[in-house]
Each structure stands twice: as structure tokens, then as C-alpha cells.
Amino acid sequence: MAEILDGKQFAASLREPLAQRAAALTARGCRPGLAVIRVGDDPASEIYVRNKARMCQRLGLFSIELHLPAETSEERLFEEIDRLNQDERIHGILVQLPLPPHLDESAVAERIAPRKDVDGFGSCNLGMLLKGQSGILPCTPKGILRLLQSAGVALSGKRAVVVGRSLIVGKPTALLLMRENATVTVCHSRTENLREHTLQADLLVSAVGRPELIDGSYIKEGAVVIDVGINRTERGLLGDVHFESAAQKASLITPVPGGVGPMTIIMLMENTIEAAELAAFK
Ligand code: GUN
């Protein structure tokens with residue numbers, strides 16, 4: 001039976017040291033500041049953005065939220081981003097996804113100044129990751145790696161299988177695991193015989209957004225399983241992994257909720273504080 005890899009508890013243990021770093025910056029006259037832009041009224045986004053603002057308050061960061069109507073033009077959104085790029089109180093800018101369909105998420109990510117791109121979704125930061133250099137890392141992949149390190153999971157030389165090839169999670173997670181010397185396979189919606197791949201995995205990361213796609217029959221005995229899925233269904237919030245059957249096989253497994261989610265938000269705080277430190281000590 002697997003042990004639980006408790007992201008909620010580990011993320012909570014990171015709060016106090018981050019609050020201290022934020023306080024030290026504030027004392028030097030450079031209080032870390034995060035701006036979150038939300039366009040339209042996606043109900044899940046509203047909750048995520050509220051949680052981000054609460055965490056800023058808790059750690060002593062300055063935060064502002066800009067809520068724009070769903071019909072906001074690209075031009076208007078870019079004006080707001082340009083203004084925040086110039087605003088010295090703001091060290092991190094995040095545009096909450098998904099955006100309404102008339103807005104190009106990729107173009108929006110490019111508009112954010114790379115030093116303030118705390119999501120790490122712009123070409124500059126993603127390119128640095130691709131090259132193995134240290135830019136700003138996307139929050140969820142960074143949180144996954146930290147969680148694995150906190151549990152002492154060995155990655156070097158191990159087989160990792162990432163299910164999902166999104167720019168937000170799948171691709172950057174694969175790159176980070178490669179940097180840690182894992183042997184990485186990326187599977188996706190067109191992969192044939194998915195189970196043949198996942199059964200090889202010492203580490204399985206699922207980020208596809210399909211409720212309970214991965215059950216115990218996909219998991220090698222003793223594997224570490226990271227479930228990035230947050231799927232809202234009639235049966236409530238479900239991960240990509242069928243927890244009960246997967247836990248029979250895995251040695252370590254993240255729950256949903258309380259696994260990867262809390263790590264993402266605390267890494268956003270860390271990225272904002274790091275961006276402020278760079279601004280303060282430049
Ligand atoms: N929507 C869901 N996850 C994320 C994230 O990590 N960043 C942003 N900007 N939007 C999201």
C-alpha cells in the first residue's frame with residue numbers, strides 16, 4: 001500500500017521561510033508584488049485567483065487583481081500588461097488561463113516582460129529551461145520536482161513517464177526530469193498502447209485532464225505516482241489517477257486534492273519573491 005505524498009503539508013512548511021524572505025525585501029523597500037489578470041468569468045479561475053491573492057496576503061506580498069470583461073480586446077489587455085511591465089511595485093505578472101477564445105494565450109505570454117513572467121510560459125523562460133539554464137520555472141513542474149526531492153525520490157537513471165504534452169505542465173515537467181538525469185518518455189492523447197509505456201515507469205506523472213484514466217493496471221509495482229489532474233465531475237473533484245487501485249501498486253502517490261495543487265501556488269509565491277530579489281539586488 002502506497003504512502004501519501006502530501007503536497008498540502010509540504011507546501012505549508014515552505015510558507016514561513018518565504019514570508020521571511022518577503023519581509024527582508026520589504027525592509028529594504030522592495031516589497032514583492034504580484035499582479036493577477038483575469039479575463040471573463042470562468043468559475044474555476046475565480047477560485048484560483050482568490051486563493052493566489054490570499055496566499056500573497058498571508059506571506060506579506062503586495063498583490064493586485066485586475067478583472068477584465070470577457071469581451072476585452074487583445075489591444076486593451078496588452079495595454080494593461082505593458083502598464084504592469086513598467087510598474088515598479090509589481091515583480092510578477094500572471095494572466096489566468098484559460099482566456100476567452102478570441103485571445104491568443106501564447107501572444108499574451110510573450111507580452112509579459114521575461115523578468116516578471118512568474119508563470120514561466122514565455123519563450124524566453126521556456127527557452128532557458130530547454131537549454132538547461134536557470135530562468136523562471138513554470139510553477140507546477142517546479143512544485144512537482146520539489147515535492148519529489150522532499151520525499152528523497154531518486155531520479156537519476158530512472159524511467160519517468162509523463163502523460164500529457166501541454167506547455168504548462170507536460171513539456172516543462174519532461175524537461176525538468178531530463179535535467180535531473182531521468183530517462184523520460186512523453187505520452188499523449190495519440191499514444192498507442194499507453195499502458196505498455198506507463199508500466200515501465202519508476203515515476204509516473206499524469207497531466208492529461210481525463211478523470212481516473214490511470215488505474216492500478218497502468219502502474220508498475222513500487223512506482224512513484226504524481227497526479228496533476230484536477231477534473232470537476234458529477235462525482236466531485238477527481239484526479240487523472242484512480243487513487244484506490246493505484247495506491248495498491250505505487251510506493252508513493254499524491255492525492256487530489258492536497259497533492260500537486262498546493263505546490264503550484266507556493267511556487268508562484270517563490271517565483272514572485274525571487275523576481276523581487278533580482279530586482280532589489282540588481
Ligand atoms: N490556469 C490553470 N493553471 C494555471 C497556471 O499555472 N497559470 C495560469 N496563468 N493559469 C492557469
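The chain is numbered in sequence order, starting from 1. Just follow the structure's listing: the first ligand is 1, and inside any ligand the first atom is 1.
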Crowded around [X] [atom1]? As in, over 12 foreign heavy atoms under 6.0 Å?
X	atom1	result
Q149	CD	yes
R58	CZ	no
Q133	CD	yes

Problem set entry | Neighbour list for ligand 1 [protein residues, heavy atom under 4.0 Å] |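 Around ligand 1, where the cutoff is 4.0 Å for heavy atoms, the contacting residues are L94, V95, Q96, L97, D119, F121.
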For K171, the salt bridge (charged side-chain N to carboxylate O under 4.0 Å, His left out) test, sequence neighbours excluded, returns none
Q) Looking only at heavy atoms, what is the nearest atom pair of G222 and S251, with distance? A)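 Taking G222 first and S251 second, the nearest heavy atoms are O-OG, 2.8 Å.
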**Prompt:** Is a salt bridge present between E79 and R83, judged by a nitrogen-to-oxygen distance below 4.0 Å?
**Reply:**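 Between R83 and E79 there is no salt bridge, as every charged N stays at least 4.0 Å from the carboxylate O atoms.
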